[in-house]
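Written out below as structure tokens is the structure these notes cover.
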Amino acid sequence: MEGLIMNYPLTTTTILEYGNSVYHHKKIITYLPDGTRQEYRFGDLYKRCKKLANALTLKLGITKGDMVGTFAWNHAPHVELYYGISGVGAICHPINIRLTSDQTEYIINNSEDRVIFVDATLVPLLEKIAPLLETVECYVLINAPKDFKTSLLITIHYEDLLEEQSEHFEWPTLNENDASGMCYTSGTTGLPKGVLYSHRSTYLHASNIISPNAGNYSNLDTILLIVPQFHVMAWGFPYLCLLSGSNMVLPSSNLQPDVLIKILQEEQVTKANGVPTIWLGVYDAMKKNPPKEKLALEEYIVGGSALPKSLIEGFEKDFGIKGVQAWGMTETSPLGTVSRLQSLHTHLSDNEKLNIRAKQGTAFPGVELRIMTDEGTLAPADGKTMGELQIKGAWVINSYFKTNNQDGFTQDGWFKTGDVSTIDKDGYMEIKDRTKDLIKSGGEWISSVALESALMAHPKIKEAAVIAIADEKWIEKPLASIVLVNEKDTISDSELIEFLSRDFVKYQIPRDYVYINEVPKTSVGKLDKKEIRRLFAEGKLS
Ligand code: AMP
């Protein structure tokens, strides 16, 4: 027997409607790339989303199921795009601005974006690849001066697009399982893969994060959204702010620690998000130049890479600001776990409490975790037995965009994360390693395989193996170990950096090189990265 409850679709438009009806007075503040501050209310956002919906359908001919790209920083128009695009039944596809031209071209062609909304300051990155983009019919320029010059064909200014449109728009009735957004993950081997979020997954993910057991967001908060909108839909924050009634502060490209501190102070920000590299920078800057008045900031939520224990401790001791660790993936919307203490931990020592907070944490209600050992057995929840972390739940991917194969999934329907973890008796998961051959530096992925094949194309190099090593600022950075064709040859680091800069962007290029006689191999002849990491840890690679 079915329950006798309305089938009320959980869509992004219901979030927007709710935000407008209950929190129309709440603020969206943007710091534009040139530092200018702009402010309006959720009520204004609502009206502008409706104008945008009219423009998308009437002027740009966007219909249900169309893919619409964004290539932009965090700012109010980008939030309007999140709601406007998915509201008309199309799919909002934020494109990572930090990828190589090849990756960006691949992603846009693969997703079949019909229109791209692009920040004026980012236009040069698209100009380079525009002739290769097969499906893009038009570019909409955001924050561009009237006389802005570009080689992009068929452009229109965002404000001009909205200006002519009515504030009245009847949202179409959408199926909550329809796609609402898409982000590509480069956290996999091979080509980037599209992850298609649904309205329902977006709604459930956002409404869960608000809980006091998770992000703890309410209408008393002002949240600084540092996580880029092109990273997993900004971790769902543009949605959750409308549900919780939290003021939103959007920094666009103002991500330098000193500027972030100024924004935290001026806007009386109470909560914020970001990868560890951002918070390490903010902490160092605050240590060097302590703010005269205590910040309103109560806590910052960190994910993307492990939150160092020393940072949790330092921020709390020196400034009374709490670090909260979360774990997730593009494939999991992203948030899968969060680490907060519970009543059962009250009696523990400070150090024991810190050890728990430095774990990746417990699953959100709505997702389940399990750890499978190399032998294919379920690992006990003993906090010791390591294995691959697997996840399933209401906002976890069940297949990648445009792929029919089930690579990355178990036969019984769990998603294989590629992270190696333990889980303890209270359900706290801790990441120990990863099986993915990738390096995560400052929140962005670097493919070690791509670097190895590029290095091996150098005439003097016979073999190369790239591993991740720890770095204070970037958490991880690449180290390349190289075997030369001719032992007597030499190559300078700068020659290699120059060589790699043809195919890689700056943050992806290793600055550390070591020369070895032979790359260690496994029994089946693969590069033995574990052994290289061991040699490095023991100081035997130099
Ligand atoms: P992405 O899909 O780019 O968001 O990357 C997801 C991956 O980032 C995960 O599979 C982990 O390898 C890593 N990651 C995310 N959050 C954490 C965390 N809190 N601690 C350690 N690694 C993390």
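Just the heavy atoms: all of them, side chains too, but no hydrogens, waters or symmetry mates, feed the values below. First listed ligand is number 1; within each ligand, the first listed atom is number 1.
A salt bridge links Arg534 with Glu538; the closest basic N to acidic carboxylate O contact falls under 4.0 Å.
At a heavy-atom distance under 4.0 Å, only side-chain atoms of Gln360, from C-beta outward, approach ligand 1. Counting heavy atoms closer than 4.0 Å to ligand 1, residue Ser305 contributes backbone atoms (N, CA, C, O) but none from C-beta onward. When heavy-atom distances to ligand 1 are checked against a 4.0 Å cut-off, Gln325 comes that close only through its side chain, counted from C-beta outward.
Summary of contacts: the protein heavy atom closest to atom 21 (C) of ligand 1 is Ala306 N, 3.3 Å. In this structure, atom 14 (N) of ligand 1 lies nearest to the protein heavy atom Gly304 O, 3.2 Å.
For ligand 1, none of its N or O atoms has an N or O atom of Met329 under 3.5 Å away. Below 3.5 Å of separation, one finds no N or O of Gly303 facing any N or O of ligand 1. Between Ile431 and ligand 1, no pair of N/O atoms sits closer than 3.5 Å.
The closest approach between Pro334 and ligand 1 stays at or above 4.0 Å for every heavy atom of the residue. At a 4.0 Å cut-off, at least one heavy atom of Lys436 sits close enough to ligand 1 to count as contact. Contact annotation: Gly443 has no heavy atom less than 4.0 Å from any atom of ligand 1.
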Checklist entry - Taking it one step at a time, do Tyr239 and Tyr83 satisfy ring pair (Phe, Tyr, Trp, His ring centres under 6.0 Å)? => result CA-CA 9 Å; Tyr239 303 112; Tyr83 286 104; 5.5 Å; yes
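With ligand atoms numbered from 1 in the order given, ligand 1 contributes 12 (O) to contacts under 4.0 Å with heavy atoms of Arg434. Near Lys440, with a cut-off below 4.0 Å to any heavy atom, the atoms of ligand 1 are 1 (P), 3 (O), 4 (O), 5 (O), 6 (C), 7 (C), 8 (O).
Considering only non-hydrogen atoms, atom 2 (O) of ligand 1 lies nearest to Thr330 out of Val302, Ile301, Thr330. Proximity annotation for atom 7 (C) of ligand 1: of Trp235, Trp327, Trp445, Trp445 comes nearest, heavy atoms only.
Atom NZ of Lys309 has more than 12 heavy atoms from other residues, nucleotides or ligands within 6.0 Å.
Side-chain contact, Asp318 with Tyr283: a donor N or O sits under 3.5 Å from an acceptor N or O.
Using bins of under 30°, 30° to 60° and over 60° for the plane-to-plane angle, the ring pair His75/His78 lands in the tilted bin. Using cut-offs of 30° and 60° on the angle between ring planes, the pair His345 and Tyr428 is perpendicular.
Among Thr385, Ile371, Leu369, Thr337, the single residue meeting the side-chain contact (heavy atoms from CB on, under 4.5 Å) criterion with Ser421 is Ile371. Test Lys440, Lys477, Arg511 against Asp471 for salt bridge (Lys or Arg N to Asp or Glu O under 4.0 Å) and you get one pass: Lys477.
A centroid separation of less than 6.0 Å is found between the aromatic rings of Tyr217 and Phe237.
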